[in-house]
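One structure is given here, and the rest of the page talks about it.
Starting from 1, each residue takes its place in the sequence as its number.
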Amino acid sequence: MQNVFEAAAFATPDGITRTDENGEVVSTDADDWRVSPAYMGRVHIDPAFPNPAGQGDNITVPVQVRQFGAVRGTLALVSYDSYRIARRLDEIRNARDPGAYVLSFPARLLQVEGLLRLYIVDNGGGLVSYGDVLIE
């Protein structure tokens with residue numbers, strides 16, 4: 001199941017969950033921000049907001065860890081550049097304790113416009129979730 005999830009994660013992005021500047025969902029893309037089978041029930045990801053975003057916006061991805069020790073260490077938000085090199089946008093250094101966390105970064109850090117896929121990975125590089133953002 002994890003392999004199927006990862007294959008979907010690395011497919012071409014094709015839509016977004018539209019959100020406003022407060023994180024309210026306007027429309028849903030069923031493929032965005034699903035949690036991998038390895039973390040199902042232990043981690044919850046809310047959609048990135050705002051989405052679409054302008055170059056001057058800060059993009060936020062709320063994360064909820066639901067069980068103590070569900071995550072070993074760090075959760076990182078990454079994107080891949082055109083050379084497939086991972087760029088770390090933000091991280092939660094210690095996500096071991098249950099609670100609400102936030103990943104956030106300035107949209108201009110991506111240095112692109114258009115549809116882009118973001119990934120949340122664990123300390124070992126395992127995929128936790130993914131979702132698409134539109135930078136205008």
- Query: Hey, quick one: are F49 and I92 part of the same hydrophobic cluster, counting side-chain heavy atoms closer than 4.5 Å, chains of contacts allowed?
  - Reply: no
- Message: side chain to side chain contact (heavy atoms under 4.5 Å, CB included), that's the test. Do T74 and N94 meet it? Break it down for me.
- Response: CA-CA 5 Å; T74 303; N94 186 358; over 6 Å; no
- Check A70 against V65 and note the closest heavy-atom contact, atom names and distance. CB-CG1, 4.2 Å
- Is there a donor-acceptor contact under 3.5 Å from the side chain of T17 to the main chain of T28? no
- Query: Taking it one step at a time, do Y130 and F10 satisfy ring-ring contact (aromatic ring centres under 6.0 Å, His included)?
  - Reply: CA-CA 9 Å; Y130 64 93; F10 288 98; 8.1 Å; no
- Message: Please report the interatomic distance OG(S129) to CZ(R34), rounded to the nearest 0.5 Å.
- Response: 8.5 Å
- Item | Separation of D29 CG from R18 CZ (nearest 0.5 Å) | 10.5 Å
- Query: Considering all heavy atoms of both residues, which atom of P62 and which atom of T60 are nearest to each other, and what is their separation?
  - Reply: CD-O, 3.8 Å
- Item | Atom pair CG/CD of L116 and Q111 - distance to nearest 0.5 Å | 12.0 Å
- Task: Following the transitive rule for hydrophobic clusters with a side-chain heavy-atom cut-off under 4.5 Å over Ile, Leu, Val, Met, Phe, Trp and Tyr, establish whether V112 and V61 coincide in one cluster.
- Result: yes
- So, for L127 and A9, which heavy atoms are closest and what is the spacing to 0.1 Å? CD2-CB, 3.3 Å
- Task: Please name the pair of heavy atoms, one in F68 and one in D97, separated by the smallest distance, quoted to 0.1 Å.
- Result: CE1-OD1, 3.0 Å
- Looking at CD1 of I59 and OG1 of T19, how far apart are the two atoms once the value is rounded to the nearest 0.5 Å? 9.0 Å
- Query: Given the rule in the side chain to side chain contact (heavy atoms under 4.5 Å, CB included) test, do E113 and Q55 qualify, once you have shown the distances and angles that lead to the verdict?
  - Reply: CA-CA 8 Å; E113 288 185 350; Q55 289 288 335; 3.5 Å; yes
- Query: Are any of the side-chain nitrogens in D31 or R117 under 4.0 Å away from the carboxylate oxygens of its partner?
  - Reply: yes
- Item | Backbone N/O of A48 and side chain of N51: donor-acceptor pair under 3.5 Å | no
- Drop me the distance from S79's OG to I85's CD1, to the nearest 0.5 angstrom. 11.0 Å
- Item | Separation of N123 CG from R96 CZ (nearest 0.5 Å) | 9.0 Å
- Message: For M40 versus V35, what's the shortest heavy-atom pair and its separation?
- Response: CE-O, 3.3 Å
- Item | Test item: V133 and I16 side chains (from C-beta on) under 4.5 Å apart, heavy atoms | no
- Message: Is there a continuous path of hydrophobic side-chain contacts, each under 4.5 Å between heavy atoms, that joins L89 to W33?
- Response: yes
- Message: Is the shortest side-chain heavy-atom distance between D32 and P47 below 4.5 Å?
- Response: no
- Message: Taking P13's backbone N and O only, do any of them form a donor-acceptor pair with D132's side chain (distance below 3.5 Å, no angle check)?
- Response: no
- Query: Given the rule that I, L, V, M, F, W and Y join up when any side-chain heavy atoms are under 4.5 Å apart, are V121 and V63 in one cluster?
  - Reply: no
- Message: Using 30° and 60° as the class boundaries, would you call the ring planes of Y80 and Y119 parallel, tilted or perpendicular?
- Response: perpendicular
- Task: Under the side-chain contact (heavy atoms from CB on, under 4.5 Å) rule, collect the residues that match up with V128, sequence neighbours excluded.
- Result: Y39, V43, L75, I120, D122
- Item | Verdict with reasoning, L110 to R108, per side chain to side chain contact (heavy atoms under 4.5 Å, CB included) | CA-CA 5 Å; L110 296 171; R108 69 179 171 278; over 6 Å; no
- Message: Is it the case that over 12 heavy atoms from other parts of the model lie below 6.0 angstrom from the CZ atom of R66?
- Response: yes
- Task: Please answer: with hydrophobic residues joined when any side-chain heavy atoms are less than 4.5 Å apart, are L103 and V71 in the same cluster?
- Result: yes
- Message: Tell me the closest heavy-atom pair linking D90 and S104, and the distance in Å.
- Response: OD2-N, 2.8 Å
- Determine whether more than 12 heavy atoms belonging to other residues, nucleotides or ligands lie under 6.0 Å from atom CZ of R87. yes
